[in-house]
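What follows is one structure encoded as C-alpha coordinates, with my remarks underneath.
These figures come from a predicted structure and were not determined experimentally. To find a chain, count down the sequence lines: A is the first, B the second, and so on, and within it residues start at 1.
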Protein chains: 4
Amino acid sequence: MKDPVGRKRWAIAEGYIPGWSNGPEPQMTSHETACVLNTSEEDAHVQITIFFTDREPAGPYSVTVPARRTTHVRFNDLQDPEPIPHDTEYASLIESDVPIVVQHTRLDSRQEANALLSTIAYASIE
Amino acid sequence: MKDPVGRKRWAIAEGYIPGWSNGPEPQMTSHETACVLNTSEEDAHVQITIFFTDREPAGPYSVTVPARRTTHVRFNDLQDPEPIPHDTEYASLIESDVPIVVQHTRLDSRQEANALLSTIAYASIE
Amino acid sequence: MKDPVGRKRWAIAEGYIPGWSNGPEPQMTSHETACVLNTSEEDAHVQITIFFTDREPAGPYSVTVPARRTTHVRFNDLQDPEPIPHDTEYASLIESDVPIVVQHTRLDSRQEANALLSTIAYASIE
Amino acid sequence: MKDPVGRKRWAIAEGYIPGWSNGPEPQMTSHETACVLNTSEEDAHVQITIFFTDREPAGPYSVTVPARRTTHVRFNDLQDPEPIPHDTEYASLIESDVPIVVQHTRLDSRQEANALLSTIAYASIE
(Lines give C-alpha, C1' and ligand atoms only; values in the text may rest on other atoms or scores of the structure.)
Protein backbone atom coordinates (compact mmCIF):
# COMPACT_ATOMS: atom_id res chain seq x y z
CA MET A 1 0.00 0.00 0.00
CA LYS A 2 1.30 3.42 -0.95
CA ASP A 3 1.18 6.48 1.28
CA PRO A 4 -2.25 8.06 1.67
CA VAL A 5 -2.81 11.10 -0.53
CA GLY A 6 -3.51 14.59 0.80
CA ARG A 7 -2.86 16.93 3.69
CA LYS A 8 -4.16 17.39 7.25
CA ARG A 9 -5.30 21.05 7.11
CA TRP A 10 -7.59 22.54 4.46
CA ALA A 11 -9.47 25.81 4.06
CA ILE A 12 -12.49 26.97 2.02
CA ALA A 13 -12.72 30.77 1.97
CA GLU A 14 -16.10 30.87 0.19
CA GLY A 15 -19.19 29.64 2.00
CA TYR A 16 -22.85 30.39 1.42
CA ILE A 17 -25.97 28.25 1.72
CA PRO A 18 -28.56 29.67 -0.70
CA GLY A 19 -31.77 30.75 0.96
CA TRP A 20 -34.22 28.90 -1.29
CA SER A 21 -34.50 26.15 -3.94
CA ASN A 22 -36.32 24.96 -7.09
CA GLY A 23 -36.87 21.42 -8.34
CA PRO A 24 -37.23 17.91 -6.89
CA GLU A 25 -35.72 17.17 -3.47
CA PRO A 26 -33.22 16.09 -2.30
CA GLN A 27 -31.12 16.27 -5.48
CA MET A 28 -32.12 19.80 -6.40
CA THR A 29 -32.15 21.32 -2.92
CA SER A 30 -29.63 24.16 -2.82
CA HIS A 31 -26.67 22.93 -0.82
CA GLU A 32 -23.02 23.48 -0.04
CA THR A 33 -20.69 20.52 0.37
CA ALA A 34 -17.18 19.70 1.56
CA CYS A 35 -16.28 16.42 -0.12
CA VAL A 36 -13.66 14.58 1.92
CA LEU A 37 -11.64 11.66 0.54
CA ASN A 38 -9.72 9.41 2.92
CA THR A 39 -7.48 7.00 0.98
CA SER A 40 -5.65 5.87 4.12
CA GLU A 41 -6.00 2.64 6.11
CA GLU A 42 -7.14 4.54 9.22
CA ASP A 43 -10.35 6.43 9.99
CA ALA A 44 -10.01 10.19 9.67
CA HIS A 45 -11.31 12.23 12.59
CA VAL A 46 -12.19 15.55 10.99
CA GLN A 47 -12.91 18.83 12.79
CA ILE A 48 -14.60 21.67 10.93
CA THR A 49 -14.51 25.26 12.21
CA ILE A 50 -16.83 27.85 10.65
CA PHE A 51 -15.74 31.51 10.37
CA PHE A 52 -18.14 34.42 9.96
CA THR A 53 -18.03 38.07 8.99
CA ASP A 54 -19.04 39.59 12.30
CA ARG A 55 -19.00 37.01 15.11
CA GLU A 56 -16.67 34.46 16.70
CA PRO A 57 -16.14 31.14 14.88
CA ALA A 58 -18.55 28.22 15.43
CA GLY A 59 -17.58 24.63 16.09
CA PRO A 60 -15.65 22.50 15.90
CA TYR A 61 -18.05 20.16 14.14
CA SER A 62 -16.84 16.53 14.27
CA VAL A 63 -17.10 14.17 11.31
CA THR A 64 -15.51 10.73 10.96
CA VAL A 65 -14.53 9.61 7.47
CA PRO A 66 -13.81 5.88 7.61
CA ALA A 67 -10.67 4.33 6.09
CA ARG A 68 -10.85 4.01 2.27
CA ARG A 69 -14.10 5.96 2.10
CA THR A 70 -15.40 9.36 0.96
CA THR A 71 -17.90 11.49 2.84
CA HIS A 72 -19.66 14.40 1.16
CA VAL A 73 -20.39 16.66 4.14
CA ARG A 74 -23.37 18.95 3.51
CA PHE A 75 -22.92 22.12 5.54
CA ASN A 76 -26.74 22.29 5.58
CA ASP A 77 -26.75 19.15 7.75
CA LEU A 78 -24.26 20.26 10.42
CA GLN A 79 -26.24 20.69 13.66
CA ASP A 80 -23.85 20.19 16.55
CA PRO A 81 -22.91 22.53 18.23
CA GLU A 82 -25.25 24.76 16.17
CA PRO A 83 -26.80 24.91 12.68
CA ILE A 84 -25.13 27.13 10.05
CA PRO A 85 -27.45 30.01 9.10
CA HIS A 86 -28.65 30.24 5.48
CA ASP A 87 -28.17 33.28 3.24
CA THR A 88 -25.07 34.16 5.35
CA GLU A 89 -21.44 34.41 4.28
CA TYR A 90 -19.00 32.07 6.00
CA ALA A 91 -15.69 30.22 5.49
CA SER A 92 -14.36 26.96 6.86
CA LEU A 93 -11.21 25.34 8.22
CA ILE A 94 -11.03 21.54 8.00
CA GLU A 95 -8.51 19.62 10.10
CA SER A 96 -7.87 15.87 10.19
CA ASP A 97 -5.60 13.48 12.06
CA VAL A 98 -4.71 11.60 8.84
CA PRO A 99 -4.13 12.97 5.32
CA ILE A 100 -7.33 13.72 3.39
CA VAL A 101 -8.34 15.55 0.21
CA VAL A 102 -11.08 18.21 0.37
CA GLN A 103 -13.16 19.63 -2.49
CA HIS A 104 -15.80 22.37 -2.18
CA THR A 105 -19.04 22.20 -4.21
CA ARG A 106 -22.26 24.20 -4.26
CA LEU A 107 -25.53 23.48 -6.05
CA ASP A 108 -27.63 26.63 -6.27
CA SER A 109 -31.18 26.08 -7.50
CA ARG A 110 -32.67 29.44 -6.54
CA GLN A 111 -33.53 30.14 -10.15
CA GLU A 112 -35.18 27.85 -12.72
CA ALA A 113 -32.00 26.08 -13.76
CA ASN A 114 -29.41 25.01 -11.24
CA ALA A 115 -25.90 26.44 -11.09
CA LEU A 116 -22.80 24.60 -9.89
CA LEU A 117 -19.40 25.57 -8.59
CA SER A 118 -16.51 23.42 -7.40
CA THR A 119 -12.87 23.79 -6.47
CA ILE A 120 -10.26 21.75 -4.70
CA ALA A 121 -9.89 23.45 -1.31
CA TYR A 122 -6.67 25.15 -0.19
CA ALA A 123 -4.24 22.54 1.14
CA SER A 124 -2.09 24.00 3.87
CA ILE A 125 1.61 23.31 3.51
CA GLU A 126 2.58 25.25 6.61
CA MET B 1 12.45 18.73 -25.15
CA LYS B 2 11.67 20.01 -21.67
CA ASP B 3 10.55 17.85 -18.77
CA PRO B 4 6.94 16.68 -18.93
CA VAL B 5 4.56 18.73 -16.80
CA GLY B 6 2.58 17.33 -13.89
CA ARG B 7 2.60 14.73 -11.15
CA LYS B 8 1.99 10.98 -10.88
CA ARG B 9 -0.77 10.89 -8.23
CA TRP B 10 -3.98 12.93 -8.30
CA ALA B 11 -7.23 12.94 -6.35
CA ILE B 12 -10.77 14.21 -6.99
CA ALA B 13 -12.80 14.26 -3.78
CA GLU B 14 -16.10 15.18 -5.48
CA GLY B 15 -17.78 12.65 -7.74
CA TYR B 16 -21.39 12.35 -8.84
CA ILE B 17 -22.98 11.29 -12.13
CA PRO B 18 -26.35 13.04 -12.39
CA GLY B 19 -29.29 10.66 -12.71
CA TRP B 20 -30.96 12.25 -15.74
CA SER B 21 -30.39 14.70 -18.63
CA ASN B 22 -32.03 17.29 -20.91
CA GLY B 23 -31.06 18.32 -24.44
CA PRO B 24 -29.39 16.78 -27.50
CA GLU B 25 -27.06 13.80 -27.01
CA PRO B 26 -24.17 13.25 -26.67
CA GLN B 27 -23.08 16.85 -25.97
CA MET B 28 -25.82 17.56 -23.43
CA THR B 29 -25.88 14.19 -21.66
CA SER B 30 -25.06 14.75 -17.99
CA HIS B 31 -21.53 13.50 -17.45
CA GLU B 32 -18.52 13.63 -15.19
CA THR B 33 -15.04 13.75 -16.65
CA ALA B 34 -11.40 13.42 -15.60
CA CYS B 35 -9.40 15.20 -18.28
CA VAL B 36 -5.86 13.83 -18.44
CA LEU B 37 -3.02 15.58 -20.24
CA ASN B 38 0.17 13.70 -21.03
CA THR B 39 2.86 16.08 -22.36
CA SER B 40 5.58 13.45 -22.09
CA GLU B 41 7.24 11.39 -24.83
CA GLU B 42 6.00 8.13 -23.30
CA ASP B 43 2.52 6.63 -23.02
CA ALA B 44 0.93 7.09 -19.60
CA HIS B 45 -0.56 3.97 -18.03
CA VAL B 46 -3.24 5.37 -15.72
CA GLN B 47 -5.05 3.51 -12.95
CA ILE B 48 -8.24 4.97 -11.48
CA THR B 49 -9.62 3.81 -8.12
CA ILE B 50 -13.16 4.81 -7.11
CA PHE B 51 -14.03 5.40 -3.44
CA PHE B 52 -17.55 5.27 -2.04
CA THR B 53 -19.40 6.29 1.10
CA ASP B 54 -20.32 2.86 2.39
CA ARG B 55 -18.49 0.11 0.51
CA GLU B 56 -14.95 -0.93 -0.45
CA PRO B 57 -13.28 0.91 -3.36
CA ALA B 58 -13.84 -0.24 -6.96
CA GLY B 59 -11.15 -0.71 -9.58
CA PRO B 60 -8.53 -0.10 -10.58
CA TYR B 61 -9.81 1.00 -13.98
CA SER B 62 -7.02 1.11 -16.59
CA VAL B 63 -6.70 3.87 -19.17
CA THR B 64 -3.77 4.54 -21.50
CA VAL B 65 -3.11 8.15 -22.47
CA PRO B 66 -0.67 8.12 -25.41
CA ALA B 67 2.44 10.31 -25.51
CA ARG B 68 1.67 13.98 -26.39
CA ARG B 69 -2.07 13.38 -26.18
CA THR B 70 -5.03 14.26 -23.94
CA THR B 71 -7.82 11.87 -22.97
CA HIS B 72 -11.06 13.12 -21.46
CA VAL B 73 -12.16 10.09 -19.42
CA ARG B 74 -15.94 10.02 -18.87
CA PHE B 75 -16.65 8.21 -15.60
CA ASN B 76 -20.00 7.25 -17.22
CA ASP B 77 -18.06 5.10 -19.71
CA LEU B 78 -15.91 3.13 -17.24
CA GLN B 79 -17.17 -0.49 -17.34
CA ASP B 80 -14.30 -2.73 -16.34
CA PRO B 81 -14.26 -4.10 -13.62
CA GLU B 82 -17.77 -2.62 -12.99
CA PRO B 83 -19.86 0.42 -14.03
CA ILE B 84 -20.04 3.39 -11.65
CA PRO B 85 -23.58 3.81 -10.31
CA HIS B 86 -25.46 7.03 -11.14
CA ASP B 87 -26.94 9.37 -8.52
CA THR B 88 -24.30 8.08 -6.05
CA GLU B 89 -21.51 9.98 -4.29
CA TYR B 90 -17.97 8.85 -5.01
CA ALA B 91 -14.36 10.11 -5.18
CA SER B 92 -11.38 9.06 -7.25
CA LEU B 93 -7.65 8.46 -7.04
CA ILE B 94 -5.71 8.66 -10.32
CA GLU B 95 -2.22 7.19 -10.57
CA SER B 96 0.14 7.20 -13.55
CA ASP B 97 3.61 5.88 -14.37
CA VAL B 98 4.61 9.19 -16.02
CA PRO B 99 3.74 12.78 -15.01
CA ILE B 100 0.26 13.89 -16.07
CA VAL B 101 -2.13 16.76 -15.34
CA VAL B 102 -5.72 16.00 -14.25
CA GLN B 103 -8.75 18.30 -14.33
CA HIS B 104 -12.25 17.41 -13.11
CA THR B 105 -15.35 18.61 -15.00
CA ARG B 106 -19.07 17.92 -14.75
CA LEU B 107 -21.88 18.86 -17.13
CA ASP B 108 -25.23 18.62 -15.35
CA SER B 109 -28.25 18.94 -17.64
CA ARG B 110 -30.93 17.73 -15.25
CA GLN B 111 -32.73 21.06 -15.49
CA GLU B 112 -33.59 23.11 -18.57
CA ALA B 113 -30.23 24.85 -18.81
CA ASN B 114 -26.99 23.00 -18.22
CA ALA B 115 -24.63 23.71 -15.34
CA LEU B 116 -20.86 23.26 -15.37
CA LEU B 117 -18.16 22.82 -12.77
CA SER B 118 -14.42 22.34 -13.19
CA THR B 119 -11.29 22.30 -11.06
CA ILE B 120 -7.73 21.17 -11.42
CA ALA B 121 -7.55 18.00 -9.31
CA TYR B 122 -5.37 17.72 -6.20
CA ALA B 123 -1.78 16.97 -7.19
CA SER B 124 -0.10 14.86 -4.56
CA ILE B 125 3.31 16.09 -3.52
CA GLU B 126 3.84 13.35 -0.95
CA MET C 1 -3.47 27.70 18.88
CA LYS C 2 -1.98 26.32 15.70
CA ASP C 3 -0.31 28.39 13.00
CA PRO C 4 -2.68 30.39 10.82
CA VAL C 5 -3.45 28.79 7.48
CA GLY C 6 -2.59 30.34 4.12
CA ARG C 7 -0.14 32.60 2.36
CA LYS C 8 0.49 36.35 2.09
CA ARG C 9 0.33 36.85 -1.70
CA TRP C 10 -2.49 35.64 -3.97
CA ALA C 11 -3.49 36.24 -7.57
CA ILE C 12 -6.73 35.92 -9.55
CA ALA C 13 -6.06 36.06 -13.30
CA GLU C 14 -9.73 36.11 -14.32
CA GLY C 15 -11.83 39.15 -13.51
CA TYR C 16 -15.04 40.40 -15.05
CA ILE C 17 -18.10 42.13 -13.57
CA PRO C 18 -21.08 41.25 -15.80
CA GLY C 19 -22.81 44.29 -17.31
CA TRP C 20 -26.36 43.43 -16.29
CA SER C 21 -28.48 41.20 -14.00
CA ASN C 22 -31.77 39.30 -13.63
CA GLY C 23 -33.66 38.38 -10.46
CA PRO C 24 -34.15 39.74 -6.94
CA GLU C 25 -31.45 42.04 -5.49
CA PRO C 26 -29.03 41.87 -3.76
CA GLN C 27 -28.68 38.05 -3.90
CA MET C 28 -29.11 37.79 -7.67
CA THR C 29 -27.18 40.89 -8.71
CA SER C 30 -24.28 39.82 -10.94
CA HIS C 31 -21.13 40.14 -8.88
CA GLU C 32 -17.52 39.09 -8.58
CA THR C 33 -16.05 38.27 -5.18
CA ALA C 34 -12.70 37.63 -3.51
CA CYS C 35 -13.50 35.67 -0.36
CA VAL C 36 -10.77 36.18 2.22
CA LEU C 37 -10.37 33.97 5.30
CA ASN C 38 -8.17 35.09 8.17
CA THR C 39 -7.73 32.28 10.71
CA SER C 40 -4.99 34.14 12.57
CA GLU C 41 -5.14 35.99 15.90
CA GLU C 42 -4.22 39.30 14.22
CA ASP C 43 -6.15 41.54 11.84
CA ALA C 44 -5.13 41.17 8.21
CA HIS C 45 -4.38 44.40 6.35
CA VAL C 46 -5.09 43.46 2.75
CA GLN C 47 -4.08 45.44 -0.35
CA ILE C 48 -5.71 44.66 -3.69
CA THR C 49 -4.17 45.79 -7.00
CA ILE C 50 -6.26 45.59 -10.18
CA PHE C 51 -4.58 44.88 -13.54
CA PHE C 52 -6.13 45.72 -16.90
CA THR C 53 -5.58 44.89 -20.56
CA ASP C 54 -4.56 48.30 -21.81
CA ARG C 55 -3.85 50.68 -18.92
CA GLU C 56 -1.73 50.94 -15.79
CA PRO C 57 -2.92 49.02 -12.68
CA ALA C 58 -5.43 50.60 -10.26
CA GLY C 59 -5.15 50.64 -6.50
CA PRO C 60 -4.11 49.53 -4.07
CA TYR C 61 -7.54 49.10 -2.51
CA SER C 62 -7.31 48.57 1.27
CA VAL C 63 -9.46 46.06 3.14
CA THR C 64 -9.09 44.94 6.75
CA VAL C 65 -10.13 41.38 7.58
CA PRO C 66 -10.35 41.10 11.36
CA ALA C 67 -8.73 38.25 13.31
CA ARG C 68 -10.74 34.98 13.10
CA ARG C 69 -13.11 36.41 10.51
CA THR C 70 -13.93 36.08 6.82
CA THR C 71 -14.70 38.97 4.47
CA HIS C 72 -16.28 38.39 1.09
CA VAL C 73 -14.99 41.39 -0.88
CA ARG C 74 -17.28 42.30 -3.79
CA PHE C 75 -15.20 43.92 -6.51
CA ASN C 76 -18.39 45.79 -7.44
CA ASP C 77 -18.17 47.64 -4.12
CA LEU C 78 -14.55 48.82 -4.34
CA GLN C 79 -14.63 52.62 -4.75
CA ASP C 80 -11.39 54.00 -3.40
CA PRO C 81 -9.24 55.06 -5.28
CA GLU C 82 -11.66 54.41 -8.19
CA PRO C 83 -14.55 52.07 -9.10
CA ILE C 84 -13.81 49.02 -11.25
CA PRO C 85 -15.53 49.35 -14.64
CA HIS C 86 -18.18 46.75 -15.57
CA ASP C 87 -18.04 44.60 -18.71
CA THR C 88 -14.22 44.99 -18.66
CA GLU C 89 -11.56 42.33 -18.30
CA TYR C 90 -9.25 42.63 -15.32
CA ALA C 91 -7.11 40.57 -12.91
CA SER C 92 -6.11 41.07 -9.29
CA LEU C 93 -3.19 40.73 -6.91
CA ILE C 94 -4.04 40.37 -3.22
CA GLU C 95 -1.39 40.98 -0.58
CA SER C 96 -1.69 40.70 3.20
CA ASP C 97 0.54 41.21 6.23
CA VAL C 98 -0.64 37.93 7.82
CA PRO C 99 -1.42 34.59 6.15
CA ILE C 100 -4.87 34.43 4.52
CA VAL C 101 -6.77 32.15 2.12
CA VAL C 102 -8.40 33.64 -0.99
CA GLN C 103 -11.15 32.16 -3.16
CA HIS C 104 -12.61 33.74 -6.30
CA THR C 105 -16.35 33.50 -7.07
CA ARG C 106 -18.65 35.04 -9.66
CA LEU C 107 -22.44 35.02 -9.86
CA ASP C 108 -23.57 35.88 -13.37
CA SER C 109 -27.31 36.50 -13.71
CA ARG C 110 -27.32 38.09 -17.16
CA GLN C 111 -29.57 35.34 -18.47
CA GLU C 112 -32.71 33.84 -16.93
CA ALA C 113 -30.89 31.38 -14.68
CA ASN C 114 -27.77 32.36 -12.80
CA ALA C 115 -24.36 30.82 -13.45
CA LEU C 116 -21.60 30.36 -10.88
CA LEU C 117 -17.87 29.89 -10.97
CA SER C 118 -15.38 29.52 -8.13
CA THR C 119 -11.75 28.60 -7.63
CA ILE C 120 -9.19 28.86 -4.90
CA ALA C 121 -6.90 31.68 -6.05
CA TYR C 122 -3.23 31.16 -6.90
CA ALA C 123 -1.15 31.13 -3.71
CA SER C 124 2.28 32.52 -4.34
CA ILE C 125 5.12 30.44 -2.95
CA GLU C 126 7.83 32.71 -4.30
CA MET D 1 8.93 46.42 -6.24
CA LYS D 2 8.39 42.87 -5.02
CA ASP D 3 9.07 39.76 -7.07
CA PRO D 4 6.52 39.02 -9.78
CA VAL D 5 3.93 36.42 -8.79
CA GLY D 6 3.50 33.09 -10.57
CA ARG D 7 5.31 30.40 -12.48
CA LYS D 8 6.64 29.94 -16.03
CA ARG D 9 4.87 26.69 -17.04
CA TRP D 10 1.13 26.03 -16.73
CA ALA D 11 -1.25 23.36 -17.97
CA ILE D 12 -5.01 23.15 -18.57
CA ALA D 13 -6.14 19.55 -19.06
CA GLU D 14 -9.73 20.42 -19.98
CA GLY D 15 -10.42 22.18 -23.26
CA TYR D 16 -13.58 22.38 -25.34
CA ILE D 17 -15.09 25.17 -27.44
CA PRO D 18 -18.87 24.63 -27.48
CA GLY D 19 -20.31 24.19 -30.96
CA TRP D 20 -23.09 26.76 -30.74
CA SER D 21 -24.38 29.76 -28.70
CA ASN D 22 -27.47 31.61 -27.46
CA GLY D 23 -27.86 35.28 -26.57
CA PRO D 24 -26.33 38.63 -27.53
CA GLU D 25 -22.80 38.66 -29.04
CA PRO D 26 -20.00 39.02 -28.15
CA GLN D 27 -20.66 38.65 -24.39
CA MET D 28 -22.83 35.55 -24.70
CA THR D 29 -20.90 33.76 -27.46
CA SER D 30 -19.72 30.41 -26.11
CA HIS D 31 -16.00 30.72 -25.51
CA GLU D 32 -13.03 29.24 -23.71
CA THR D 33 -10.40 31.50 -22.19
CA ALA D 34 -6.92 31.34 -20.66
CA CYS D 35 -6.62 34.46 -18.52
CA VAL D 36 -2.97 35.42 -18.12
CA LEU D 37 -1.74 37.90 -15.49
CA ASN D 38 1.73 39.39 -15.78
CA THR D 39 2.61 41.36 -12.62
CA SER D 40 6.25 41.71 -13.63
CA GLU D 41 8.09 44.73 -15.04
CA GLU D 42 8.90 42.89 -18.28
CA ASP D 43 6.70 41.76 -21.16
CA ALA D 44 5.82 38.05 -21.06
CA HIS D 45 6.36 36.13 -24.27
CA VAL D 46 3.87 33.29 -23.98
CA GLN D 47 3.77 30.12 -26.09
CA ILE D 48 0.65 27.96 -26.09
CA THR D 49 0.71 24.34 -27.32
CA ILE D 50 -2.58 22.54 -27.94
CA PHE D 51 -2.87 18.77 -27.36
CA PHE D 52 -5.54 16.57 -28.92
CA THR D 53 -6.96 13.10 -28.48
CA ASP D 54 -5.84 11.56 -31.73
CA ARG D 55 -3.34 13.79 -33.55
CA GLU D 56 -0.02 15.55 -32.95
CA PRO D 57 -0.07 18.80 -30.95
CA ALA D 58 -0.71 22.15 -32.67
CA GLY D 59 1.28 25.31 -32.16
CA PRO D 60 3.01 26.93 -30.58
CA TYR D 61 0.71 29.93 -30.64
CA SER D 62 2.52 33.13 -29.58
CA VAL D 63 0.93 35.77 -27.34
CA THR D 64 2.65 38.74 -25.70
CA VAL D 65 1.29 39.91 -22.35
CA PRO D 66 2.79 43.33 -21.64
CA ALA D 67 4.38 44.22 -18.29
CA ARG D 68 1.79 44.95 -15.54
CA ARG D 69 -1.09 43.84 -17.76
CA THR D 70 -3.57 40.98 -18.07
CA THR D 71 -4.62 39.33 -21.33
CA HIS D 72 -7.67 37.10 -21.53
CA VAL D 73 -6.76 34.81 -24.44
CA ARG D 74 -9.84 33.37 -26.17
CA PHE D 75 -8.92 30.00 -27.67
CA ASN D 76 -11.65 30.75 -30.26
CA ASP D 77 -9.46 33.59 -31.58
CA LEU D 78 -6.19 31.69 -32.01
CA GLN D 79 -5.56 31.43 -35.78
CA ASP D 80 -1.84 31.09 -36.29
CA PRO D 81 -0.59 28.44 -37.13
CA GLU D 82 -4.17 27.01 -37.37
CA PRO D 83 -7.60 27.58 -35.79
CA ILE D 84 -8.70 25.27 -32.95
CA PRO D 85 -11.65 23.13 -34.06
CA HIS D 86 -14.97 23.53 -32.19
CA ASP D 87 -16.82 20.67 -30.49
CA THR D 88 -13.44 18.89 -30.08
CA GLU D 89 -11.63 17.89 -26.90
CA TYR D 90 -8.20 19.41 -26.34
CA ALA D 91 -5.77 20.47 -23.60
CA SER D 92 -3.13 23.18 -23.41
CA LEU D 93 0.39 23.86 -22.18
CA ILE D 94 1.29 27.50 -21.54
CA GLU D 95 4.92 28.56 -21.25
CA SER D 96 6.33 32.01 -20.54
CA ASP D 97 9.75 33.62 -20.21
CA VAL D 98 8.69 35.51 -17.05
CA PRO D 99 6.44 34.38 -14.17
CA ILE D 100 2.71 34.60 -14.94
CA VAL D 101 -0.56 33.37 -13.41
CA VAL D 102 -3.04 31.43 -15.60
CA GLN D 103 -6.74 30.82 -14.99
CA HIS D 104 -9.06 28.78 -17.22
CA THR D 105 -12.67 29.91 -17.86
CA ARG D 106 -15.47 28.75 -20.15
CA LEU D 107 -18.79 30.38 -20.92
CA ASP D 108 -21.18 27.87 -22.44
CA SER D 109 -24.38 29.35 -23.85
CA ARG D 110 -25.59 26.37 -25.85
CA GLN D 111 -28.77 26.25 -23.78
CA GLU D 112 -31.09 29.07 -22.78
CA ALA D 113 -29.12 30.13 -19.74
CA ASN D 114 -25.35 30.31 -19.79
CA ALA D 115 -23.10 28.09 -17.69
CA LEU D 116 -19.67 29.02 -16.36
CA LEU D 117 -16.63 27.14 -15.16
CA SER D 118 -13.28 28.43 -13.92
CA THR D 119 -10.17 27.12 -12.23
CA ILE D 120 -6.66 28.30 -11.62
CA ALA D 121 -4.56 26.24 -14.05
CA TYR D 122 -1.93 23.74 -12.90
CA ALA D 123 1.29 25.54 -12.03
CA SER D 124 4.27 23.37 -12.76
CA ILE D 125 6.82 23.20 -9.98
CA GLU D 126 9.12 20.81 -11.82
Hey, are the side chains of [X] and [Y] touching, using non-hydrogen atoms and a 4.5 Å cut-off?
{"X": "R7(A)", "Y": "Y122(B)", "result": "yes"}
{"X": "L93(B)", "Y": "V5(A)", "result": "yes"}
{"X": "T119(B)", "Y": "T119(A)", "result": "yes"}

For this session: Would you check if there is a donor-acceptor pair between the side chains of S118(A) and E14(B) at a distance under 3.5 Å?
Result: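 No, no side-chain donor-acceptor contact under 3.5 Å.
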
Exercise. Is the closest side-chain donor-acceptor distance between Q103(A) and H104(B) under 3.5 Å?
Worked result: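 There is such a pair (donor and acceptor under 3.5 Å, judged by atom type) between the side chains of Q103(A) and H104(B).
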
Problem set entry | Side-chain (T70(A)) to main-chain (T53(B)) donor-acceptor, under 3.5 angstrom |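 Absent.
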
Distance (rounded to the nearest 0.5 Å) between [X] [atom1] and [Y] [atom2]:
{"X": "S92(B)", "Y": "L37(A)", "atom1": "OG", "atom2": "CG", "answer": "8.0 Å"}
{"X": "Y16(B)", "Y": "T33(A)", "atom1": "OH", "atom2": "OG1", "answer": "11.0 Å"}
{"X": "R69(A)", "Y": "E89(B)", "atom1": "CZ", "atom2": "CD", "answer": "14.0 Å"}
{"X": "R68(A)", "Y": "E56(B)", "atom1": "CZ", "atom2": "CD", "answer": "4.0 Å"}
{"X": "I12(B)", "Y": "I120(A)", "atom1": "CD1", "atom2": "CD1", "answer": "7.5 Å"}

Exercise. So which heavy atom on I125(B) is nearest to which on I125(A), and how close?
Worked result: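 Closest approach of I125(B) to I125(A): CD1-CG2, 4.4 Å.
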
